[in-house]
Every structure is written in C-alpha cells, then in structure tokens.
Number of protein chains: 4
Amino acid sequence: MARPRSEDKRDAIVAAAIEVIAAQGLSAPTATIAKAAGVATGSLFLYFQTKTDLLNAVYVALKSEMAVAVLDGVHAKDDVREQLFLAWSNWLQWATSFPEKRRALAHLGVSDEVTPQSRQAGHQAMAGAAEILERSRSGGPMRDAPLGFVAALMNALAEATIDFIISDPAHADRHRIAGFDAMWRMFT
Amino acid sequence: MARPRSEDKRDAIVAAAIEVIAAQGLSAPTATIAKAAGVATGSLFLYFQTKTDLLNAVYVALKSEMAVAVLDGVHAKDDVREQLFLAWSNWLQWATSFPEKRRALAHLGVSDEVTPQSRQAGHQAMAGAAEILERSRSGGPMRDAPLGFVAALMNALAEATIDFIISDPAHADRHRIAGFDAMWRMFT
Amino acid sequence: MARPRSEDKRDAIVAAAIEVIAAQGLSAPTATIAKAAGVATGSLFLYFQTKTDLLNAVYVALKSEMAVAVLDGVHAKDDVREQLFLAWSNWLQWATSFPEKRRALAHLGVSDEVTPQSRQAGHQAMAGAAEILERSRSGGPMRDAPLGFVAALMNALAEATIDFIISDPAHADRHRIAGFDAMWRMFT
Amino acid sequence: MARPRSEDKRDAIVAAAIEVIAAQGLSAPTATIAKAAGVATGSLFLYFQTKTDLLNAVYVALKSEMAVAVLDGVHAKDDVREQLFLAWSNWLQWATSFPEKRRALAHLGVSDEVTPQSRQAGHQAMAGAAEILERSRSGGPMRDAPLGFVAALMNALAEATIDFIISDPAHADRHRIAGFDAMWRMFT
DNA sequence: GATGAATGAGTATTCATTCAT
DNA sequence: AATGAATGAATACTCATTCAT
C-alpha cells in the first residue's frame, strides 16, 4: 500500500553507477552514484544492500546488455563464418559506441569484488555467442580444445582489437577485419 | 631530491609492494607495504614521493623483469619460429612461476594510476621480444598491420593462455602448445 | 492526534520493544521493533510520536506490571514482616521469571531518555508497596529517614539480590532469604 | 627516533572521554572526544584501536581511581568499623566531588561494551576495599554468604546513598551516616 | 637519513522520521 | 488507518602524507 519499489529507480542507480565508475573507477563514492541517479544516499542501500552488491549487479547488467547487442541479427545469417563475423562486428560496435560501459566493465572485470556467481551469470548471458563460436571451431585445429579456452582467446582478441580501434579510430574497419581474420585463422 | 643512499631499501619496497598488491590489490595501504619491506611508513616516502610513484615503479620493474625472462636463451636459436616459441614458453613459465608478480601486474595493467610514460617504458623493455615478433609476422597475412596491433594480439593470447594454465595446470603443456599454434596460425 | 483505534497494536509494539531492547539494548532500531510487533515501520509512529515516547511508555508499563506482581496476595497477610517478605519474594520471582523484562528495565533505568515524569509514574505505581515499606520501618532506626531514601535502599538490595540469584540460580532460595534478612536488619 | 607515543595524550583522551560521556552518554561521537582532548580524530585511534577499547580503558581507569580514593587514609585506623566508615565516606566523597566521573561510570556500568575482563580488572582494583569488607562481616550474620554477594549489597547501598545525597545535598552528612548505619546493621 | 606519531579529509552504512500511495 | 519507500544527517574508522625527534 506504500509506494511500490521502483524498477526505474533501480535502473537509474545502475546506469549512474556505470557513468561514475567509468569516470572515477571502482572507488567512486556511493554518495556520488546516488546523486548522479537522483536519489538520496540512503536509497541506494534500499535497492542494494552493499556497494559490492551494486557492483555485481552492474557487472551482470553490462554483460547481459553486451550479449544482446552481440547477437543482434545474427540468426538471420546462414553461414557460420558470417554469423561469427556479424557477432564480432556487433561486439566491437557496442564497445566503441559505449566507451563508458566498456570502461566500467574493464574495471569490474579485474575486481575481486565481483563474485564467481556474477561471472557465471555473465557467461550464461553469453551462451548464444558461445554456441556460434562452438560451431566455428568445429572441424578445425581447435576442435578438441576446451570451449572455455577458445572463448578466452576470442575475448582476448576482441579486447585487443577494441583497444586498437579506440586508439586509432580512423582505421576502425581495417582493424575490425584484420582482427577477425586473425581469429578465423586460429580456427581453421 | 638527492637520491637516497640505499638501493637495497628501494628494491625491498618494490618487492614488498608486489607481494602486498598481489594479496590485497591496489588499495593496499602504504603502511602495510612499508612494514612488509621492513622500513618505517615515513621512509617509503623518502624513496617514492607518492603512492602513485611507487605503483609506476613497480609496474616498470615487473615489465622489465618479465622482458628479461622472456628473452632468456632466445638468441641461441636460429629459426624464427623456434625463437618465438621459446620466448612464448619463457613468458608462460615466468607468469606461472611467479603468480604474485603476474597478479600485481594484472592489477596495475588496468589501473588509471599507471601513466602512459610507464606503459611506454614497459613497451621499451619488451623491444627485444617485439623484434622477434616482427620477423615472425613478416611475409604473413599480418605483414601490413601496425606492429603494436600484432603485439597487442599476442599479449592477449598469452594472457588468455596463462589464465587457462593456472586454472588447469595438469594440462599446462597442452595449453602452451595449443596457444602457440593458434598464435602462429594468426601469423601465417 | 486522534488516538488510533487498536489498543492491541499499541500493546504489541510495547511487548515487542521489551523483547528487542532486552536483546539489543536501547539502540535497537525502531524498524526492528515494528517488525517484531508485526506492524509496518511507519505504523509505530502512529502510536508513538517518537522513539523516546515509546521508550517512556515501555518504562511505565514495566514498572506498573512489576508493581502488580509485587503486591499479589500481600493483603491476605496480617503481619507486616510477612507482608514485606511476600512482596520481596514476589519481586524476585517476577524479575527472575521475566529476565527480558528486567533486562529492558535495567537499560531504561539508566537512560537519559526516560523523563522524570515517567520515573514519577513508576513510583506512583509502586505506591502500594511503599506503604508496606512505610509500616515496616516505623518504630525502627530508620523511622526518621525520608521514605524515598529507604525505598532506594530496598530497591538497591533487591537488584543486588536478583543479580546474585541469576548468576547462581541453584541457591536462589538461600539468596532470597539472606537478602531479605539483611534488609530486615536494616529496618530493626 | 620519532616522537614517542605520549602518555599525556592518552590520558587527555581518557579524561576528555569522561567529560563527554558524562554529558552526552555512550553514544558521544569519537570526534567530539578527540576534539575535547585536543587531538585529531585519527589520533584517538592511534591510542585506542576502537571506540569500545577506549570505553573499556575509561571504565578501568575510573574504577582504579575510585579504589585509590576509597582507601585513602584507611590503614591509619585500627578499628575495622572505623576503617569501613572511612572507606564509605571516601567513596561518597569521591562520587559527589566528581559527579561527571560517577555519571560516566554509571553509563559504562550497564553497557554491553564493557567486557568481563574489564569488570574483572575493576574488581581487582577494589581488592583492598574488599578486604576491609571481609573483616567487617566476619562473625556476623552474613559470615557465610559469598563475598561477592555482600560486596554487591554494599555497592548497591552506596549507589542509593549517593543518589540521595546528590538529590538532597543539604543533608549529605545525615544521609552518609544513615546509609552507613544501615549497612552496618546488615553485618551485625 | 630514518622513524613512526600526528593529521583530518574521506566513505560505507544506519536509522529516526516523513510522506506518497 | 496502514504501509514501507524515501530521506539525509550522523558516525566509526582508514590512510596518504607530513613533520617533530
């Protein structure tokens, strides 16, 4: 009968956290995040019991959002190589379009505050992409490697490629293609 | 600004910082680092003006040490592929032998406190390795890509491979070879 | 300011406050008390304007309940000494039967939040017991001391005796009698 | 070789804590205590690891000081009754001369923050007074009661007497004597 | 140079109370 | 009346850095 707890407000806190973490790192004060979200400091703790909880929620939200972006339009393609190339392009597109999200994710990716459970949830979200990857490497030289290993390699290549595109955006397309070709050579 | 006498003490602080950062992350108190180094809290600031300065010194020291380890014995080989494989193996060997050094480097690698100058110094230290890489990719499909891009890809692959070896040490050799083969395929 | 309807709810809040204060002390959150009473946090403030008001209400309620317990069956006795002994026994019985009530009262007894008015009300409730005390000391060495002083001494003795019974319940009866005898000696 | 840690400063913090706790209760902010002691907020935590530690130190300091005051001149007397009467008088004198110390002690006496170890130390400090008490009750009706029980009764009587003297200081001497006589009657 | 005591700004979290529903 | 979301002031404790010894 009281005001219901607002999903909007929760989302606003997560969104604010992304901006503030991108700008200030994980040591950003909760008070700053709350103010950026337009809520009182105490309200942040109504939606997230601790700062660590918020950080984990942000991590999972970003991973999920990224996963959706990566798979956009992918199933309209028939060819596996084309599917993987589109996913790859989507990935780079998302990361370069939302640099603050990528920055926040980079901070969270190496933080001890993000729990194994959250990382697991992140992998879960990327399951669709993993499936394409699975088909891409099947029959190739990495057919017997653990999928996790292959995924880690792809992830590492994508991160390196994104770093390079950001530092040299004039040749974004060239780097995107070169990165993908390099990856494809790994698989075939 | 006169350089303090004891080079030993400076080294002890850097060594202690590596241990403590590996264990506690970059937010480790300077007092903890000083105690681990066997010096007084105030003494740390005789050798490093700020904590950020210390962090940068640690970063450069680790990168330099790693570079030396990577090149060990490499010039005794004639074949480029063999040289690269030895460098690759040395790299993985170093990273898995000194997990706390790698952990510290991982923390520092993503920190905003490490300056572009320090990162530049890190690249400089790796110049010898870069040269081998340069010859490895010459004539191959990546011959026209910026060397920095190629280096970033290799670095990414190495990190992913090390992660995997650490999480599954029983198959260290298999992962080491698989990682190298994947990289080699990228170049040829 | 219209009195809220439910007397039940008010009583439930007071009862919950006793439990929670006994367990957590006076710094127990109002939200915890409200939840223990089965009402919403906001509802507590419909029945008590402030936390201090609630604390005072609890104090008076406990003192009143204790006074009733103390006088139970006392007027059936003729002899003053027997009356006082029964009251004394009733007191110890109540305090040891409801340790959480005594604990809460102990916390409140030393609190600055309990007003002189509430303490006055507490004395008022104990008027019946005071009357017996008055007759007990009449004619003895304390006949000219202020009644309040005598009451304070008796109260102090009772508290000390209760403490001792709680810490050594095996000899409850012995302590009860020894305490009473000591008190009686003071009066005669 | 640095400044030695100052005993004076520690004492100043304890003294300030007594004043502030007497005025504001145990919830007094550590920052207020530090300011009253003339030190920085952080310095308080150099001398006491936590607020609880400070509270315990204050408790023990007050108990010890009180014990010294109580025993002042007592051993010059031969007669046990005179010794006990002087100790009793000293006690009331100390409590009424330093009402803020007594207030602070009253707050601490009922606090859950004061550990059993601290209470034990408090008893230890009062060992001299306990010895006089032991001799006072020997041969009397309380000869077989546990000493702790007798001490608790005496303590309770003293507290009640002090309360009464504070509320009616015009008749301090009368109350002092009446309280002592009442106690003596308990023992004989 | 070396020490470690001293500083005080900075931060996560709590909680009495209010108020929209 | 009843609810519980929303508020924001309040507070213990930390830690990079300075400075008296």
Side-chain angles (χ1 to χ4, degrees), chain A residues 1-6 9-10 27-35 37-55, chain B residues 2-6 9 27-35 38-55 113, chain C residues 2-6 9 27-35 38-55 113, chain D residues 1-6 9-10 27-35 37-55:
Chain A
M1 315 218 178
R3 251 171 297 192
R5 213 176 279 195
S6 153
K9 214 158 270 185
R10 204 194 119 100
S27 62
T30 54
T32 303
I33 294 170
K35 179 174 285 185
V39 303
T41 57
S43 300
L44 187 151
F45 292 91
L46 179 63
Y47 289 90
F48 304 95
Q49 291 212 320
T50 66
K51 185 181 181 180
T52 298
D53 283 354
L54 169 59
L55 260 25
Chain B
R3 269 289 182 74
R5 301 255 171 72
S6 166
K9 220 162 260 189
S27 60
T30 53
T32 303
I33 294 170
K35 176 174 285 184
V39 303
T41 47
S43 300
L44 187 152
F45 290 91
L46 293 173
Y47 292 88
F48 303 94
Q49 292 212 317
T50 66
K51 185 182 184 180
T52 299
D53 285 352
L54 169 60
L55 261 25
E113 310 234 47
Chain C
R3 271 287 181 75
R5 304 253 173 73
S6 167
K9 220 163 260 188
S27 60
T30 53
T32 303
I33 295 171
K35 175 174 288 186
V39 303
T41 49
S43 301
L44 186 151
F45 291 91
L46 293 173
Y47 291 88
F48 304 94
Q49 291 212 317
T50 66
K51 185 182 183 180
T52 298
D53 285 352
L54 168 60
L55 260 25
E113 310 234 49
Chain D
M1 318 221 175
R3 250 170 298 191
R5 215 177 277 194
S6 154
K9 214 158 270 184
R10 205 194 119 99
S27 62
T30 53
T32 303
I33 295 171
K35 180 174 284 184
V39 303
T41 56
S43 299
L44 188 151
F45 292 93
L46 179 62
Y47 289 90
F48 304 95
Q49 292 211 319
T50 66
K51 185 181 182 179
T52 298
D53 284 353
L54 170 59
L55 260 26

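Proteins come first, then strands; the chains are lettered A, B, ... in the order of their sequence lines, and each starts at number 1.
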Under 4.0 Å between a side-chain N/O of [X] and OP1 or OP2 of [N], yes or no?
{"X": "A:Arg3", "N": "F:dG4", "result": "no"}
{"X": "C:Lys9", "N": "F:dA2", "result": "yes"}
{"X": "A:Thr30", "N": "E:dT11", "result": "no"}

Original post:
Quick one: D:Phe45 CZ to F:dA12 P, roughly how many Å, whole number?
Top reply: 7 Å
Original post:
Between atom NZ in D:Lys51 and atom P in F:dA12, what is the gap in whole Å?
Top reply: 4 Å
Kindly say whether [Y] contributes a backbone atom to a donor-acceptor pair with the side chain of [X] at under 3.5 angstrom?
{"X": "A:Arg5", "Y": "A:Leu46", "value": "yes"}
{"X": "A:Tyr47", "Y": "A:Ser6", "value": "yes"}
{"X": "A:Lys51", "Y": "A:Ala28", "value": "yes"}

Original post:
If you find the nucleotide of DNA chain E closest to D:Ala40 and the one closest to C:Thr50, which residue's nucleotide is nearer the 5' end?
Top reply: D:Ala40
Students often get this wrong, so: under 4.0 angstrom with heavy atoms, is [X] touching a base, only sugar-phosphate, or nothing?
{"X": "D:Lys35", "value": "nothing"}
{"X": "B:Ala28", "value": "sugar-phosphate"}
{"X": "D:Tyr47", "value": "sugar-phosphate"}

**OP:** Tell me the partner of E:dT17, counting only Watson-Crick (N1-N3 plus N6-O4 or O6-N4) or G-U wobble (N1-O2 and O6-N3) with both under 3.5 Å; none if nothing fits.
**Re:** F:dA6
Original post:
Which one is paired to E:dA9, where only Watson-Crick or G-U wobble pairs with both distances under 3.5 angstrom count?
Top reply: F:dT14
**OP:** Locate the shortest heavy-atom distance separating D:Thr41 from D:Ala34; write the atom from each residue and the value.
**Re:** CA-CB, 3.9 Å
Original post:
Is there a donor and acceptor pair, one atom on the side chain of A:Thr41 and one on the base of F:dA9, closer than 3.5 Å?
Top reply: yes
**OP:** Consider the side chain of B:Pro29, meaning its heavy atoms from C-beta on, and name the nucleotide among F:dA2, F:dA16, E:dA12 that approaches it most closely.
**Re:** F:dA16
Subject >> Any B:Thr30 side-chain heavy atom under 4.5 Å of B:Phe45 side chain >> reply: yes
Original post:
Which sits closer to the 5' end of DNA chain F, C:Ser43 or A:Gly42, going by the nucleotide each is nearest to?
Top reply: C:Ser43
